Structure formats: structure tokens, C-alpha cells
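Note that the structure is a prediction, hence the values are computed from the model and not measured. Just so you know, these numbers use all the heavy atoms, side chains as well, and skip hydrogens, waters and symmetry mates. We're numbering straight along the sequence, starting at 1.
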Amino acid sequence: MKTWFDRKLYKEGLRQLRVPGIVCSGILGIISILVLLIIQMDRSNYVDILQNIDTRMIYGFNPILYLIPYGLPVLMILKLFRFQNQRNGSDFYHSIPHTRICLGISYLAAALTWILGILWGCSLFTGLFAQLLPATDVLWGESIRFLFHSTTASLLAGAGVFLAASVTGTLFTNLAASAMILCMPVLIELVIELNVKGRVDYIYSLHNIFPYMYNTLFNYMICVVSDGFMGYRFGNTGTIHLLGSCLYTTCLAAVLYVAGLILFHKRKSESAGQPASGRKTRALFRVLPAFAITLIPVSVIYQGEAHDGVDWMWIVALYVFAVILYLLYELFSTGKWKSALQSLKGIWLLVVLNIATLLVLAGITSYVQHDIPSAKQIDSVSVLEWYGYGYGYSYFDNQIQDIRFSGEEWSEFASEALQETVVRDQEIEEYWNNTENWEYQSEWFDFTRQPVVIRAGHKTLYRYLYLTDAQQQKMEQMMKDNEAFRNTYMTLPDFKGGSVWIRNNEDIAVGDAQAFRDTFQQEIEAAGFEKWYAYLAHEGNGWFNVIFTDAENTERVYMPVSRMLTPKTYQTCIQYLTEHSTSELEPSQKTALTKLTQGKVDNADLYIQLVDLKADMVQIDQWVDYHSNVYEDELVYYEGEIDPVAFAALLSEIMKEGADETSGYLLMVSGDIYEPQQGDTELNLAIYLSDAQAEKLITLYRESGGDLIEYGE
């Protein structure tokens with residue numbers, strides 16, 4: 001008798017899943033081909049196809065791959081273990097000379113082989129086929145990372161479905177129990193965290209208590225929702241480490257698989273066709289959907305947001321709906337009205353769960369409010385989202401949050417600031433609870449919410465510190481005294497094989513990215529930390545950025561360019577901006593501009609910037625939008641914006657008069673003009689204006705109600 005694994009049973013499982021496996025693979029392959037051919041045909045319309053490479057990860061080329069962790073494990077595992085829902089099939093499998101553990105492991109291995117085989121096989125096919133087409137390029141590194149993420153998500157989904165199939169005996173209860181096993185823990189964690197954060201405003205996160213964000217099946221869904229099915233990259237790795245998520249999810253899946261095997265081993269043949277293998281299990285699965293609904297009124301009650309009779313009527317209505325759902329679950333699972341009505345005897349469990357939830361919420365809230373480590377207990381502090389107090393470059397923020405600031409000064413500062421934050425938070429709550437204080441008073445809120453991570457022994461606290469201006473300045477000075485912090489700001493990203501783009505109206509690629517980066521780096525070092533940091537955090541209002549990207553174009557780092565601190569880099573950028581734009585109009589552009597002057601186009605979207613190069617100041621920075629009102633055939637544009645028809649007339653006049661490179665004024669215009677017969681006519685101009693031309697444009701801008709912004713160094 002085989003105890004743990006049988007190769008013949010494994011092959012039999014593979015054979016039984018052959019049809020759905022081949023069908024799913026074929027559908028995914030066909031979708032990949034169709035999507036890629038559509039992209040190829042679309043990109044082939046460009047004159048220079050090699051300059052329009054569509055760079056994506058494999059899931060961008062085949063969006064259906066996103067759905068594999070949510071659909072394929074359900075299909076494969078329920079099909080393979082469907083014998084548990086049929087009395088004859090269950091009797092047969094109970095009679096074979098193999099242990100139940102051996103049967104479970106062998107069949108699970110077969111199902112996972114198909115699931116992961118389809119996932120990896122179709123992904124590889126999509127990537128290779130995309131690589132063969134001239135209009136597409138594949139982000140292999142990002143794709144592999146996402147593939148590991150989706151693999152662990154598939155393992156967890158399979159574990160949940162297998163556990164549900166081991167304790168329930170009908171298809172409906174299999175599906176319902178699977179959803180509850182996988183979703184209810186995350187839902188409960190989310191509700192508890194949101195309620196605690198709603199009562200305690202200085203809580204930044206409770207990830208140290210509730211690790212739901214490390215559940216790849218959950219944050220996988222967030223990725224799809226936030227990035228879209230045609231997303232170019234996996235954005236979630238920026239906040240949740242991929243390795244940590246995969247390890248956590250794999251361990252969680254292993255626990256569920258072991259629990260499922262134990263229950264599968266104890267399951268009896270007589271359970272086939274029954275909604276659950278026992279009354280307790282049945283009662284639990286019956287109450288969970290209703291409990292999920294009652295979490296809404298529980299949250300409202302806990303937050304104290306039920307203020308009048310209408311609110312309480314909504315709460316009663318939700319509880320009634322929860323009871324109806326409770327009855328419907330039993331009715332659908334058994335098909336008997338009598339059984340559904342008798343199940344009302346167990347409604348007390350729903351009441352107990354609601355009371356327990358309120359007690360847990362109150363307990364965790366109280367624990368968090370009193371969890372204030374002393375200075376002696378604090379080991380280190382990390383600062384999150386420092387861009388909230390500075391120029392706002394996320395690259396530096398991502399680097400800074402990994403720095404652990406330690407020492408007596410930091411420990412005392414963090415402990416005192418947290419104690420003051422707790423006191424102020426309580427005062428603000430009392431202030432709003434006082435019915436006489438409905439009028440907003442700014443002195444109560446004259447502080448900055450700075451998120452930090454405080455490590456104290458085995459505890460890690462994610463909190464907001466309510467800092468006054470003086471405290472914020474002190475904190476900034478302590479950070480500046482740290483060598484790692486200084487090195488972070490003084491070091492530009494160095495992506496091997498990457499590229500540099502100059503951003504203004506259009507992104508312009510720098511020919512020698514490494515040489516550009518080296519010159520930029522040398523000028524930063526020559527300027528010194530104090531000047532460079534002051535420019536980034538407080539003084540920098542440069543009118544354009546450069547963008548550093550890695551070889552796969554998945555990481556983009558925006559950096560400002562200073563005329564005073566980095567003059568060589570600044571001049572190089574100006575040179576690229578003017579060289580890669582035109583100063584003359586083509587015939588089609590002249591025609592389109594003339595028609596816009598006459599108001600005879602459908603719409604136009606033009607972005608204009610007027611820069612005083614001598615003062616390094618942007619004086620006008622605005623979109624000029626034109627579209628005809630279809631019903632009244634009138635020009636429509638917003639108050640305060642430049643009249644697009646008048647601007648088109650002035651631009652035509654300027655182009656006829658010619659440029660004056662000595663004046664120091666640079667006008668940049670980009671965008672397109674649309675005509676039904678001609679389609680889009682694109683403009684990308686960089687023109688040196690004379691003083692008189694610049695004055696005419698400024699006058700036109702002022703007449704429209706605009707004020708010169710004059711931002712720069």
C-alpha cells in the first residue's frame with residue numbers, strides 16, 4: 001500500500017485533467033496571438049516602427065493570464081476531486097488500496113502540475129511570440145518577478161479550494177466555502193484595521209499585526225485594479241517586498257494544504273452529496289456570509305456614526321439582509337425549506353460574532369493607544385514619505401525609508417513626539433465631540449503628519465507623528481547629520497544599460513546616457529550636500545526634469561536640473577531641447593494652424609511654455625484647448641486660458657517673422673490639431689522669440705486673465 005505518493009494515481013490525475021488543460025492552454029495561446037497581432041498592426045502604421053517599440057511585461061500582452069490564479073485552481077481541483085460529491089465515486093475511491101493521504105497528495109500534485117504548467121507555459125509562449133515581433137519588446141525581469149508572484153497566488157488559491165472540497169460535499173458549498181476560506185480572513189483583518197485607524201488617526205498602518213498585504217492572492221488583485229489588465233508593470237512590489245510576500249503566501253498555502261489533507265483523511269464516504277461533513281462545520285459556513293454583511297453595521301456602530309433614526313433604519317435593514325442571506329445559504333446548499341428554517345436556531349452564533357468583533361476592536365484600539373515605547377525601548381526609527389516635506393522625488397524617499405536612524409537623540413525625539421501625538425489626537429477628538437466647536441480653528445491642526453517606523457525590541461510601530469515646525473526642522477537636521485542620508489541625496493541612480501530622457505513638452509532621449517549621468521554626478525558633488533539638498537528639498541523650482549530609467553524602462557527616476565548648481569548639465573538639456581524640436585512649420589502644420597486661426601478645426605490641444613532663459617524663469621505654462629460646440633458651432637475654452645484662436649494667429653505671425661536667438665526668450669509648443677479629413681497634425685516647436693514677440697504673447701496671456709507665474713531658480 002502506497003502511503004504518501006503514487007505515480008500511477010498522479011498520471012491518472014493528469015489524464016483526467018487533460019481536456020480542460022488543453023482547452024485552457026489553447027484559449028490563452030489564441031488570445032496571446034490575437035493581442036500581439038493587433039499591437040503589431042497598430043504599430044505598423046508608424047513610419048519608423050523601430051522607434052515605436054511597445055515594451056510590456058508578458059501579462060500586458062495577454063491580460064487573461066491575470067485571471068489564472070482565480071480561475072484555474074478552482075476548475076482543476078474541483079474537477080479532480082469531484083468524486084467527493086458523488087456517492088458512487090466516493091465509494092470507489094474509498095475502496096482502492098491506497099491511503100487517503102496518498103490519494104490526496106497524488107491528485108493535488110497532478111492538479112498543481114497542470115495549473116503551474118499552463119501558467120508558466122502560456123507566459124513563456126506569450127513572451128517568446130512577442131519577442132519575435134518588431135513592434136513589441138518584453139520586460140523579462142519584471143515578467144519573471146510577476147510570474148513568481150502569481151505562482152504563489154495560484155498555490156494559495158488551490159490550497160483554499162482543496163480545503164473547502166475536503167469539508168463540503170456539493171458543488172455549491174465547494175465554491176462558497178472556497179471563497180470564504182480565502183476571503184474572510186483578509187476581509188476581517190481589513191475591517192479591523194480600517195476601524196482602528198478610523199478611531200486612532202495617528203495610526204499609519206497595522207501591517208505588523210495584520211499581514212494581509214503579504215497575501216499575494218490579495219495584493220495581486222490590488223495590482224490588477226490599480227494598474228489595469230493592460231498594465232505595463234507590477235506596481236505592488238514597491239510597497240510590499242516580493243520575496244516576503246511569496247514566502248508568507250507559500251507558508252500560508254502549506255498550512256492550508258496540510259489542514260486539507262488531514263480533513264480529507266478523516267472524511268467518510270457517506271459525506272458525499274452532503275453540504276458539510278458535520279453540523280459544526282455546516283453552521284460555520286452558513287454564518288460566515290451573513291457575518292460579512294454585518295461587519296458594515298458593526299463598523300458604523302463602533303465608529304459612532306449612527307446619529308439619527310434613518311441611520312439606525314439602515315443598520316436594521318442590513319441585519320435583516322444578513323439573516324436572509326443566512327437562510328438562502330442553507331436553502332441553496334440543502335434544497336430544503338424545512339432545513340433552512342430550522343437553521344435559525346443557530347442565529348445566536350451571528351450575534352456572538354458581532355459582539356466578539358466589537359470587543360476585539362475595542363481591545364486592539366486600547367492596546368494601540370497605550371503602546372507608547374519609552375526612549376530606552378526604542379532601537380531605531382525610519383522615516384516614510386519624506387517627500388511630503390520637500391521637492392517630492394520618490395526615488396530619494398524610497399532610499400530614505402530603508403535607513404534606520406538610531407542613537408539616544410533619535411530615541412528621545414521619537415518617544416516624546418509620539419507621546420505628544422497621542423495627547424493631541426485625544427484633544428482633537430474631544431474638540432470635535434464638543435457640539436459647540438463645529439467651526440474649524442486652524443490652531444488645532446497646525447502640525448504636519450509625518451509617517452515613521454519605530455522599532456522597539458520585538459515590536460514595530462507604523463505611526464504618524466504630529467510635528468510642529470520646530471520639531472520638523474529638528475528632525476530634518478538629525479537626518480542631515482546621518483551619513484547614509486547624505487549619501488542618498490548625493491548619489492544619482494546608475495542604471496547599467498539604462499537611458500536618460502529630458503522632459504519638457506516631449507521626452508527626448510540623451511545620446512550618451514552614461515556620460516550625461518557622470519557629468520551630472522560630478523556637478524552635484526562639486527556643489528556639495530548642503531546646497532544640493534536645499535535645492536531639492538526647499539528651493540528647487542526648476543522648469544524641467546531629466547528622467548533616469550533602467551534597462552527595461554520599469555523604474556523611472558525624476559531629477560531636477562539647476563542652472564546655478566549644475567550649469568553643464570543645464571546647457572546640455574537646453575541644447576537637446578532645441579535641437580530635437582523644429583523652429584519652422586511644415587506645409588501641413590501651416591495649413592492646420594491657419595484653419596485653427598479661422599476656427600475651422602474640430603479641436604486642438606496645445607501645451608505652451610514661455611521661458612525667460614536669462615532669468616531661468618517660466619513665465620507661461622499652460623494648455624491651450626480648443627473644441628467646437630457641436631450644437632452651437634461656437635468656440636469653447638475656459639476662463640483664464642489663452643484664447644486658442646488668437647494664440648494660433650500670433651504663432652503664425654511669429655513663425656513668419658523668424659527667430660531671435662539673442663533675446664533669451666524660448667517658446668515651446670507641443671500638441672496636435674485635429675481635422676476630420678486630415679486627422680491629427682502634431683506640433684513640436686522650440687522658437688527663440690524677440691522681445692517684441694514675447695511681449696505680445698505676454699499681453700495676450702494677461703488679457704485672458706492669466707498672471708505670469710515666474711517659477712524657476
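- Taking Glu408 as the reference, nothing meets the side chain to side chain donor-acceptor pair (under 3.5 Å) condition, with sequence neighbours excluded.
- Considering only heavy atoms from C-beta on, Gln401 stays 4.5 Å or farther from Ser382 through its side chain.
- Between Lys696 and Leu700, the closest side-chain pair of non-hydrogen atoms is not below 4.5 Å.
- Met478 contributes atom CE, which lies 4.5 Å from atom CH2 of Trp410 (distance to the nearest 0.5 angstrom).
- Between the OG1 atom of Thr591 and the CG atom of Leu593 there is a distance of 9.5 Å, given to the nearest 0.5 Å.
- Tyr489 and Phe485 have tilted rings, their planes meeting at an angle from 30° to 60° on a 0 to 90° scale.
- Across all non-hydrogen atoms, the minimal contact from Val138 to Gly127 is CG2-O, 3.5 Å.
- Checking side-chain atoms of Arg404 against main-chain N and O of Asp379 turns up no donor-acceptor pair under 3.5 Å.
- The shortest distance between side-chain heavy atoms of Met479 and Ile400 falls below 4.5 Å.
- The CZ atom of Arg517 sits 4.0 Å away from the CG atom of Asp494 when rounded to the nearest 0.5 Å.
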Step by step, work out the side chain to side chain contact (heavy atoms under 4.5 Å, CB included) result for Lys531 and Met564.
CA-CA 10 Å; Lys531 291 182 178 180; Met564 301 299 295; over 6 Å; no
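- Looking at Glu525 and Trp532, their side chains never bring a donor and an acceptor atom within 3.5 Å of each other.
- Using cut-offs of 30° and 60° on the angle between ring planes, the pair Phe146 and Tyr66 is perpendicular.
- Remark: the Asp518 side chain and the Gln514 side chain contain an N/O donor-acceptor pair separated by less than 3.5 Å.
- The distance from the CZ atom of Phe405 to the CG atom of Asn482 is 5.0 Å, given to the nearest 0.5 Å.
- Closest heavy-atom contact between Asp512 and Ala515: OD1-N, 3.2 Å.
- Below 30°, between 30° and 60°, or above 60°: for Tyr464 and Tyr204 the angle between ring planes is above 60°, a perpendicular geometry.
- Remark: Thr699 OG1 to Leu650 CG distance equals 9.5 Å, nearest 0.5 Å.
- Looking at Ser670, its side chain never comes within 3.5 Å of a backbone N or O of Leu683 through a donor-acceptor pair.
- Side chains of Phe520 and Tyr570 form no contact here, defined as non-hydrogen atoms less than 4.5 Å apart.
- A donor-acceptor pair under 3.5 Å is formed between the side chain of Gln693 and the backbone N or O of Ser690.
- Distance check: Tyr626 OH to Asp602 CG gives 8.0 Å after rounding to the nearest 0.5 Å.
- Residues Glu682 and Gln589 come closest through the heavy atom pair O-NE2, 2.8 Å.
- For the pair Leu36 and Ile38, the minimum side-chain heavy-atom distance is 4.5 Å or more.
- No donor-acceptor pair under 3.5 Å is formed between the side chain of Thr448 and the backbone N or O of Gln450.
- Side-chain contact of Tyr607 with Asp621: a donor-acceptor pair under 3.5 Å is present, judged by distance alone.
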Evaluate Leu689 against Leu666 for side chain to side chain contact (heavy atoms under 4.5 Å, CB included), listing each step before the verdict.
CA-CA 6 Å; Leu689 303 186; Leu666 179 64; over 6 Å; no
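- With sequence neighbours excluded, no residue forms a salt bridge (Lys or Arg N to Asp or Glu O under 4.0 Å) with Glu416.
- Using a 4.5 Å heavy-atom cutoff, the side chains of Leu467 and Met475 are in contact.
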Step by step, would you call Ile687 with Leu651 a side chain to side chain contact (heavy atoms under 4.5 Å, CB included)?
CA-CA 10 Å; Ile687 314 157; Leu651 182 59; 3.9 Å; yes
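- Although no hydrogens or angles enter the test, the distance criterion places no donor-acceptor pair under 3.5 Å between the side chain of Gln619 and the main chain of Gln609.
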Might you work through the side-chain hydrogen bond (donor to acceptor under 3.5 Å, both in side chains) test for Ser588 and Thr681, ending with a clear yes or no?
CA-CA 7 Å; Ser588 60; Thr681 301; 5.4 Å; no
Could you go step by step and tell me if Phe516 and Thr572 meet the side chain to side chain contact (heavy atoms under 4.5 Å, CB included) rule?
CA-CA 8 Å; Phe516 182 91; Thr572 301; 4.0 Å; yes
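- Gln477 is not listed as a side-chain neighbour of Gln472, based on a closest heavy-atom distance of 4.5 Å or more.
- Closest approach of Gln622 to Ile642, counting heavy atoms only: OE1-N, 3.0 Å.
- Between the side chains of Tyr533 and Glu476, at least one donor N or O sits under 3.5 Å from an acceptor N or O.
- By the 4.5 Å heavy-atom criterion applied to side chains, Glu586 and Lys590 are not counted as neighbours.
- Both the sub-6.0 Å distance and the 45° axial angle are not jointly satisfied by Arg424 relative to the ring of Tyr466.
- With hydrogens and angles left out, the side-chain atoms of Glu523 and Thr569 include a donor and acceptor closer than 3.5 Å.
- Note on Lys600 versus Glu675: no salt bridge recorded, every NZ/NE/NH1/NH2 to OD/OE distance being 4.0 Å or above.
- At most 12 non-hydrogen atoms from other residues, nucleotides or ligands lie less than 6.0 angstrom from CD of Glu409.
- Heavy-atom contacts from other residues, nucleotides or ligands closer than 6.0 Å to NZ of Lys568 number 12 or fewer.
- When all heavy atoms of Asp643 and Val645 are compared, the closest pair comes out as OD1-N, 3.0 Å.
- Closest non-hydrogen pair, Asp672 versus Leu606, comes out as N-CD2, 3.9 Å.
- Looking at Val453, Val452, Leu206 one by one, the single match for side chain to side chain contact (heavy atoms under 4.5 Å, CB included) with Tyr462 turns out to be Val453.
- Not one N or O on the side chain of Ser415 forms a donor-acceptor pair closer than 3.5 Å with the backbone of Ser411.
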